[in-house]
Amino acid sequence: MPPRLLLLPRGGLLPPLRRRSPALSPLLRRTPTNKPPGYLFLSPVRAFSRYSGMAAGSPEQQLRSVVVRETVELTEKEEQIFGRLLDVVRHFGLGTQLRVAGGWVRDKLLGKDSADIDIALDNMTGQNFCEKVNEYLELMGEEQKGIGVIQCNPDQSKHLETARMLIFDIWIDFVNLRSETYAENSRIPTMEVGTAKEDAYRRDLTINSLFFNINNNSVEDLTGRAARFNFTLAEDLKEAASDERVKSELGSKISRERIGHEIDLMMSDKHPVRAMCDIRDLRLFYVVFSFPENSNPPVFDKCDWQCVSRIEAAWNLAYSIGSSVFSSGSDPKLQDEQRRLYLYSELFVPLRNMFYFDKRSKRQVPVSSYIIKHSLKLKGSDAETVVNIHAASEKFAELVLLLESRVDVRTLKEKLEDEYLEIPTDSVKRVCAGLILREIKDFWRVALLVSILSYPEAENAANILNKQDELHWRKEKYIRVERAITDIDLDGVWKLKPVLDGKSIMGVMQVKSGGPLIGKWQQRALKWQLAHPNGTMDDCIEWMKQSQSKRQKLESST
């Protein structure tokens, strides 16, 4: 039986989208050839942008050099995917021209990998083509794949359906080439199946009008306009984007899932600060990041400016420190995830003391959590991590003072101890830091960065003369604290296996069931373990027995 066809409304649940980079196009020029008009052959051309990224090796405010590749170089996986699709076309004699559209073409010409492959078809619907792919898979004795379809939804400006399916473990979107016409009294287009040239001319930005023709392995510039695309928004486009009607349409016609996906792409690219500045300057901040009603306290004046200023400062600090900020062994995906959530955390730092009453859970919820989960429709774990980073950064403020020996250790010692547990004075730093790090885990460097940026001392320090000096001051402070944490061997402390589990503690205490009492002893045992990193299970059991014996003697004497 073939896989079930899933009919999905616009904004419905689809398989997870792969990340791709938002459009940042270099200048393109034509190279004279004997090929037919409409084909774009690219020679390496160097262009310059006012913006850059940490990975590019220069601050965002400096120039960055971009080289356009001469041809599209396919990965082994892409060759496998495109070969399979051409096999389907040839086997059934479909005569279909397969064109990859938009961002994938741009990224490949810039020498970047992209897993976001959108394929435009010239003579059939995406759903029909996907069904042909499954028919071919069945003939080859291979497993057929499920097909997801986003149906037409004119209310959200979705006029033709899109089909999606897995091809060699990569999600591919299939859609018709489209043309659009506007009635004299309407800004909403009528969409129809069109030619490749008509589809190219209808696209919003010239860089998105480029196609990669899979059938003949060439890049097509059917409009001849891509050569004019630059890095800045045209003034008329800025004016249109700032129009109140446009903002209203954005809020009502574009699904929250789509908005969140695009913001996530911006945050994952090399130029997140510029993207957030553009959203703010176009007065779209409160449309994109919609706030809950009746937040407490209410949204304050210049909130958008404070949020964007915060992410800019965060970007500059992280860049000045270098890639070690997001070091997590050799896992690049985790590093990218840390960087992305660091930027979200910093963007929403000005909101971290704002809450709203959630009627469903009947409790106060952070506004930042609302924006991530409801405005952007991102994962609940993203919202939880950002809230945890904010909370941990406040704890880090105290920890920074402790590690720099600028806080009374005796006060912290009293907070950590109780009648059963005494912590050596020279172990207080390690215990306190270890407890915080176990809460935040891999994101502890991110929380430390947030804390350092919130640190007020630099603002009034006599030796701080300008922003560059302040940036250097905060960088050095971060490095000192990070080194202090690694020197006491706490990087990875969240992976530390408890020396005594609940069952062992129940055995020492000679009780048959758990409960709050066992939980308290587990926390005490963890503190003891952090204070005695070389202690064994037998040492811990002996401490438990002695501490209980002392307590019993004290109680009997009183």
Side-chain angles (χ1 to χ4, degrees), residues 247-248 250-251 256-257 259-260 262-264 266-267 272-273 275-315 317-318 338-400 436 439-440 443-444 446-456 458-459 474:
K247 288 192 279 188
S248 175
L250 176 63
R256 281 288 153 190
E257 289 84 355
I259 291 174
E262 293 301 325
I263 292 298
D264 225 27
M266 296 175 191
M267 287 295 202
V273 175
M276 294 305 107
C277 286
D278 285 341
I279 288 173
R280 177 201 63 198
D281 295 344
L282 293 171
R283 299 193 293 277
L284 295 173
F285 187 89
Y286 298 110
V287 178
V288 172
F289 305 107
S290 63
F291 284 63
E293 295 182 2
N294 303 320
S295 62
N296 184 27
V299 180
F300 51 88
D301 189 36
K302 297 288 186 181
C303 174
D304 53 343
W305 281 85
Q306 287 195 32
C307 290
V308 175
S309 295
R310 180 73 190 207
I311 197 175
E312 183 175 15
W315 180 263
L317 178 60
Q338 289 179 350
R339 173 188 177 275
R340 183 179 73 92
L341 290 170
Y342 166 63
L343 294 175
Y344 277 120
S345 298
E346 291 289 9
L347 180 68
F348 299 136
V349 158
L351 316 179
R352 64 181 174 186
N353 293 320
M354 294 176 63
F355 297 85
Y356 78 101
F357 183 73
D358 181 44
K359 294 180 180 178
R360 186 174 181 179
S361 63
K362 296 183 179 180
R363 63 186 180 89
Q364 295 292 323
V365 176
V367 165
S368 59
S369 179
Y370 174 91
I371 293 175
I372 293 171
K373 291 171 66 175
H374 301 289
S375 297
L376 303 179
K377 295 293 184 181
L378 300 181
K379 296 179 295 185
S381 59
D382 287 349
E384 183 180 357
T385 299
V386 167
V387 170
N388 288 342
I389 288 172
H390 287 166
S393 69
E394 294 181 352
K395 294 180 181 179
F396 263 114
E398 189 176 61
L399 183 59
V400 169
I436 295 174
E439 288 182 23
I440 199 64
F443 287 87
W444 74 265
V446 172
L448 176 57
L449 274 173
V450 176
S451 180
I452 294 295
L453 270 174
S454 302
Y455 209 77
E459 297 172 3
R474 294 189 188 277

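None of these values were measured; they are calculated from a predicted model. For the numbers below, each heavy atom of this structure counts, side chains included, while hydrogens, waters and symmetry mates do not.
- In terms of heavy atoms, A314 sits closest to L453 at CA-CD1, 3.3 Å.
- E312 contributes atom CD, which lies 12.5 Å from atom CE of M276 (distance to the nearest 0.5 angstrom).
- Screening F291, Y356, F357, F348 for a ring pair (Phe, Tyr, Trp, His ring centres under 6.0 Å) involving Y370 leaves a single residue, Y356.
- No side-chain donor from either of S309 and R280 sits under 3.5 Å from a side-chain acceptor of the other.
- Closest non-hydrogen pair, I452 versus R474, comes out as O-NH1, 2.6 Å.
- None of E346, R340, R339 except one satisfies the side chain to side chain contact (heavy atoms under 4.5 Å, CB included) rule with P272; the exception is R339.
- No more than 12 heavy atoms of other residues, nucleotides or ligands shown are found within 6.0 angstrom of CD on E293.
- Looking at L347 and R310, their side chains never come closer than 4.5 Å, going by heavy atoms from C-beta outward.
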S345 and F443: CA distance, side-chain angles, deciding distance, side chain to side chain contact (heavy atoms under 4.5 Å, CB included) verdict: CA-CA 11 Å; S345 298; F443 287 87; over 6 Å; no
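- A 4.5 Å side-chain heavy-atom check between V400 and L448 finds at least one atom pair inside the cut-off.
- Between F355 and V365 there is no side-chain heavy-atom pair separated by less than 4.5 Å.
- Separation of atoms CG (L343) and CE (M266) is listed at 13.5 Å; rounding is to 0.5 Å.
- Contact of the I371 side chain with the S290 side chain is not registered, since no non-hydrogen atoms from C-beta on lie closer than 4.5 Å.
- Nearest approach of R352 to V450, heavy atoms of both residues: NH1-CG1, 4.2 Å.
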Criterion salt bridge (Lys or Arg N to Asp or Glu O under 4.0 Å) on K377 and E257, from CA distance to verdict: CA-CA 5 Å; K377 295 293 184 181; E257 289 84 355; 5.0 Å; no
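- Side-chain contact check for S451 and S393: no donor-acceptor pair (N or O, by modelled atom type) lies under 3.5 Å.
- The pair D382-K373 fails the salt-bridge criterion, with no side-chain N (NZ, NE, NH1 or NH2) lying under 4.0 Å from an Asp/Glu carboxylate O.
- Contact annotation: the side chain of S375 never approaches that of V288 to less than 4.5 Å [non-hydrogen atoms, C-beta and beyond].
- Side-chain contact check for R256 versus I259: some heavy-atom pair is nearer than 4.5 Å.
- One finds the CG atom of L376 at 8.0 Å from the CG atom of D264 (value rounded to the nearest 0.5 Å).
- Heavy atoms only, all atoms of each residue included: P297 and N353 are closest at CD-O, 3.5 Å.
- Across all non-hydrogen atoms, the minimal contact from I389 to L341 is CD1-O, 4.4 Å.
- A salt bridge does not link E384 to K379: none of the charged side-chain nitrogens sits closer than 4.0 Å to a carboxylate oxygen.
- Contact check for I263 versus Y344: side-chain heavy atoms found under the 4.5 Å cut-off.
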Verdict with reasoning, I440 to N388, per side chain to side chain contact (heavy atoms under 4.5 Å, CB included): CA-CA 7 Å; I440 199 64; N388 288 342; 4.0 Å; yes
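- Within the 4.5 Å cutoff, no side-chain heavy atoms of Y342 are placed close to those of M267.
- C307 and F285 get closest at one heavy-atom pair: CB-CZ, 3.8 Å.
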Pair F300-Q306, side chain to side chain contact (heavy atoms under 4.5 Å, CB included): steps then yes or no: CA-CA 10 Å; F300 51 88; Q306 287 195 32; 3.6 Å; yes
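- Donor-acceptor pairing under 3.5 Å is recorded for the side chains of S361 and D358.
- H390 NE2 to S454 OG: the interatomic distance, rounded to the nearest 0.5 Å, is 8.5 Å.
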